[in-house]
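Here the structure is laid out as structure tokens; the discussion comes afterwards.
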Amino acid sequence: MVKLASLLKSAALLVLLSLAAHSAQAQKIAGAAAGPETVTLTDKVGHNQFTWISEAPMENIKGSSAGVTGTLTIDPQDISKLRGTIHTQSATMQTGNATRDRHLLSSEWIDAARYPQISFTITSMKDVKTNGAVATGNAVGTFSLHGVTKAMTVPFKLTYVPESEKTRVRAPGDLVMVNADFTVSLKDFNIAGTEGQIGSKVGETIKVSAQLFGNALRGTTSMAQ
Amino acid sequence: MKKAIAILCFLAATGLIVWWLAAGHHMWTTTKQGVDVVTKDEIFGTETHTTKWEDKLTPGLMGSGEIKTPADFIMIGPEAGVLILVGGWLIVKGRRKA
């Protein structure tokens with residue numbers, strides 16, 4: 001009886017140890033070196049851009065913005081420690097109609113002259129899971145638009161490729177790609193727009209997709225134009 | 001003659017409305033179209049998406065909002081409306097004369 005109890009205890013301990021080991025592994029990128037790196041967003045690795053869609057009863061508007069810059073600090077052995085800030089230039093927004101673009105950048109809407117940057121600062125990570133070279137989770141941080149900063153959680157997918165001869169053709173260091181989809185409520189950021197347009201011609205919330213690329217040099221992590 | 005011009009006006013208005021509907025019945029005329037270019041990225045082993053803005057005229061109901069290029073004259077709503085009014089006026093005038 002005592003032997004059985006002892007066996008059960010050992011089995012439980014083994015299960016706990018294996019769960020702990022799995023949990024520690026869960027936030028690691030396979031094959032990547034340990035230690036923090038600075039990733040700089042750069043178009044040398046891939047085209048950095050934000051695309052967005054406004055869906056309203058009278059009109060669907062597709063737009064994009066470039067001028068993406070930013071730096072991330074990343075430890076491939078512990079993605080939950082990822083931090084950083086990503087910016088895009090408000091003035092690079094376009095919708096395919098020059099007049100509408102001017103309205104969009106005017107003081108009634110984005111007010112690009114007064115608020116030239118839109119930023120997201122990552123302050124913590126949640127629910128990080130890794131599978132080989134891919135990590136998914138939720139980036140928790142603050143989103144700044146139109147002079148208003150709000151807390152926001154953005155689901156992301158990060159693909160990490162350790163440096164090799166193949167990757168060096170694009171940029172030195174390990175390469176990083178981040179995809180994220182989220183929504184922005186215009187009301188939350190005090191964007192009132194032209195009277196009567198939000199809800200009829202412009203959506204109350206805007207669906208945003210980010211596609212970001214950067215190269216990580218050991219001791220540094222960043223994303224640059 | 002008036003009747004023939006009126007029919008032409010109605011046909012032109014119908015053509016404009018059909019063009020507008022077929023082009024996606026947008027509110028504003030656009031001169032560029034965001035094309036989603038999907039590329040297989042061999043390094044990341046996934047597809048990447050890039051929006052490229054290509055010159056393409058898409059007629060809108062209300063025009064582009066300003067008149068700077070010939071494309072800015074394309075505003076389906078006012079133009080189809082004027083053609084229908086002219087066609088109707090010619091028909092009414094023709095009937096009164098008869």
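Computed from heavy atoms alone, side chains included, the values below leave out hydrogens, waters and symmetry copies. What you are looking at is a predicted structure, and each value in this text was computed from that prediction instead of being measured. In the text below, chain A, chain B and the rest are named by the order of the sequence lines, each starting its count at 1.
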Name the region of B:D36, side chain, backbone, both or neither, that has any atom closer than 4.5 Å to a heavy atom of chain A.
->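 It is both, since atoms from each part get that close.
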So which part of B:T29 gets closer than 4.5 Å to some heavy atom of chain A, the side chain, the backbone, both or neither?
->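 For B:T29, the contact with chain A is made by the backbone alone.
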Applying side chain to side chain contact (heavy atoms under 4.5 Å, CB included) between B:F44 and each of A:V176, A:T167, A:V45, report the one that passes.
->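 By the side chain to side chain contact (heavy atoms under 4.5 Å, CB included) criterion, B:F44 pairs with just one of A:V176, A:T167, A:V45: A:V45.
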Proximal component of A:T51, with respect to chain B [non-hydrogen, under 4.5 Å] |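 The side chain, not the backbone.
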Answer yes or no: does atom [atom1] of [X] have more than 12 heavy-atom neighbours from other residues, nucleotides or ligands under 6.0 Å?
| X | atom1 | result |
| --- | --- | --- |
| A:E204 | CD | no |
| A:K81 | NZ | no |
| B:H49 | NE2 | yes |
| B:W19 | CH2 | yes |

From [X] atom [atom1] to [Y] atom [atom2], the distance as rounded to the nearest 0.5 Å:
| X | Y | atom1 | atom2 | value |
| --- | --- | --- | --- | --- |
| A:N60 | B:H25 | CG | NE2 | 9.5 Å |
| B:E47 | A:N179 | CD | CG | 11.5 Å |
| A:M58 | B:H26 | CE | NE2 | 13.5 Å |
| A:K201 | B:M62 | NZ | CE | 7.0 Å |

Minimum heavy-atom distance B:E42-A:K166, with the two atoms named =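 Of all heavy-atom pairs spanning B:E42 and A:K166, the closest is O-NZ, 3.9 Å.
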Which atom names give the shortest non-hydrogen contact between B:W53 and A:S64, and what distance separates them?
->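 Heavy atoms only, the tightest pair is NE1-OG, 2.8 Å.
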State whether A:D101 and B:K32 are salt-bridged, where the test is any N-O pair (Lys NZ or Arg NE/NH1/NH2 against Asp/Glu carboxylate O) under 4.0 Å.
->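 No, A:D101 and B:K32 are not salt-bridged.
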Are side-chain heavy atoms of B:T48 and A:H47 found at a separation under 4.5 Å?
->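 Counting from C-beta outward, B:T48 and A:H47 never come under 4.5 Å.
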A:M177 vs B:D41 side-chain heavy atoms within contact, under 4.5 Å =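 They are not in contact (no side-chain heavy atoms under 4.5 Å apart), so the answer is no.
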Between A:H103, A:Q94, A:R100, which has the largest tally of heavy atom pairs under 4.5 Å with chain B?
->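 Top option by heavy-atom pairs under 4.5 Å: A:Q94.
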